[in-house]
Q: 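Okay, handing you the structure first.
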Amino acid sequence: PLLDVAYGGGVFRSERLRTIFAQSLESRFPGIEVRPPRYGPEIGALLLAYRGAGKRLTPAFLETVEASAAPFLGAAGQQDQSQGVSRHGQ
């Protein structure tokens with residue numbers, strides 16, 4: 001895809017809203033992909049803190065974060081999709 005757009009927040013528990021949101025963006029910006037966030041809010045907050053501290057989020061760093069979080073994400077590396085939280089590693 002040209003650009004990934006991730007949604008987040010409780011309002012996106014609604015499948016209907018997610019569909020309308022995705023269709024609206026995709027019709028205006030061909031080539032984008034609307035998807036669940038790659039990480040849940042806890043990891044997202046960690047990454048924002050690192051970025052705010054001027055740290056670079058390198059692929060190696062992200063791999064370390066993913067590996068460290070894996071035990072907390074369940075056997076399949078997934079968190080609850082109904083909470084607007086993504087599958088680990090997507």
Side-chain angles (χ1 to χ4, degrees):
L2 177 65
L3 178 69
D4 283 336
V5 176
Y7 56 80
V11 72
F12 288 103
R13 290 180 185 153
S14 165
E15 184 175 342
R16 182 170 185 236
L17 182 75
R18 286 192 312 267
T19 300
I20 291 168
F21 177 74
Q23 288 174 345
S24 175
L25 288 177
E26 290 165 351
S27 70
R28 292 181 185 154
F29 307 102
I32 70 166
E33 181 179 334
V34 178
R35 59 175 182 76
R38 182 173 182 181
Y39 304 109
E42 297 85 358
I43 294 175
L46 172 70
L47 298 179
L48 286 173
Y50 268 81
R51 200 179 276 161
K55 305 289 184 184
R56 285 194 36 206
L57 304 181
T58 64
F61 174 77
L62 294 175
E63 287 177 20
T64 300
V65 169
E66 290 176 12
S68 298
F72 304 102
L73 297 175
Q78 297 184 348
Q79 290 184 348
D80 183 358
Q81 289 293 311
S82 68
Q83 298 299 316
V85 180
S86 74
R87 281 178 263 157
H88 175 69
Q90 282 194 354

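Not measured: the values here are computed from a predicted model. Residue numbers run from 1 in the order of the sequence given. Values below: every heavy atom of this structure, side chains too, minus hydrogens, waters and symmetry copies.
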Q: Among all residues two or more places apart in sequence or in another chain, which pass the side chain to side chain contact (heavy atoms under 4.5 Å, CB included) test with Glu26?
A: Ala22, Ile32, Val34

Q: Would you say the side chain of Leu2 lies within less than 4.5 Å of the side chain of Phe29, judging by non-hydrogen atoms?
A: no

Q: Judged by atom type as modelled, is there a donor-acceptor pair below 3.5 Å linking the side chain of Ser68 to the main-chain atoms of Thr64?
A: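 Yes; at least one donor-acceptor contact below 3.5 Å.
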
Q: Is it possible for you to say whether Val5 and Phe12 belong to one hydrophobic cluster, with membership spreading through side-chain heavy-atom contacts below 4.5 Å?
A: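 Yes, same cluster.
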
Q: With sequence neighbours excluded, tell me which residues meet ring-ring contact (aromatic ring centres under 6.0 Å, His included) with Tyr50.
A: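 Tyr50 satisfies ring-ring contact (aromatic ring centres under 6.0 Å, His included) with Phe61 only.
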
Q: With hydrophobic residues grouped by side-chain heavy-atom distances under 4.5 Å, do Leu48 and Leu57 end up in a single group?
A: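 No.
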
Q: Please report the closest heavy-atom contact between Ala67 and Pro71, naming both atoms and the distance.
A: O-CD, 3.6 Å

Q: Residues in side chain to side chain contact (heavy atoms under 4.5 Å, CB included) with Ala6, at least two apart?
A: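 By the side chain to side chain contact (heavy atoms under 4.5 Å, CB included) rule, Ala6 matches Arg35, Pro37.
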
Q: What is the minimum heavy-atom distance between Tyr39 and Glu66, and which atoms define it?
A: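 Closest heavy-atom pair between Tyr39 and Glu66: OH-OE2, 2.6 Å.
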
Q: Kindly write out the residues that satisfy side chain to side chain contact (heavy atoms under 4.5 Å, CB included) with Arg56, not counting sequence neighbours, or none if the list is empty.
A: Thr58

Q: Holding to side chain to side chain contact (heavy atoms under 4.5 Å, CB included), I want the full list of residues that pass it with Ser14, two or more places apart in sequence or in another chain.
A: Arg16, Leu17

Q: How many angstroms lie between atom CZ of Phe21 and atom OH of Tyr7, to the nearest 0.5 angstrom?
A: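 Phe21 CZ to Tyr7 OH: 9.5 Å, rounded to 0.5 Å.
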
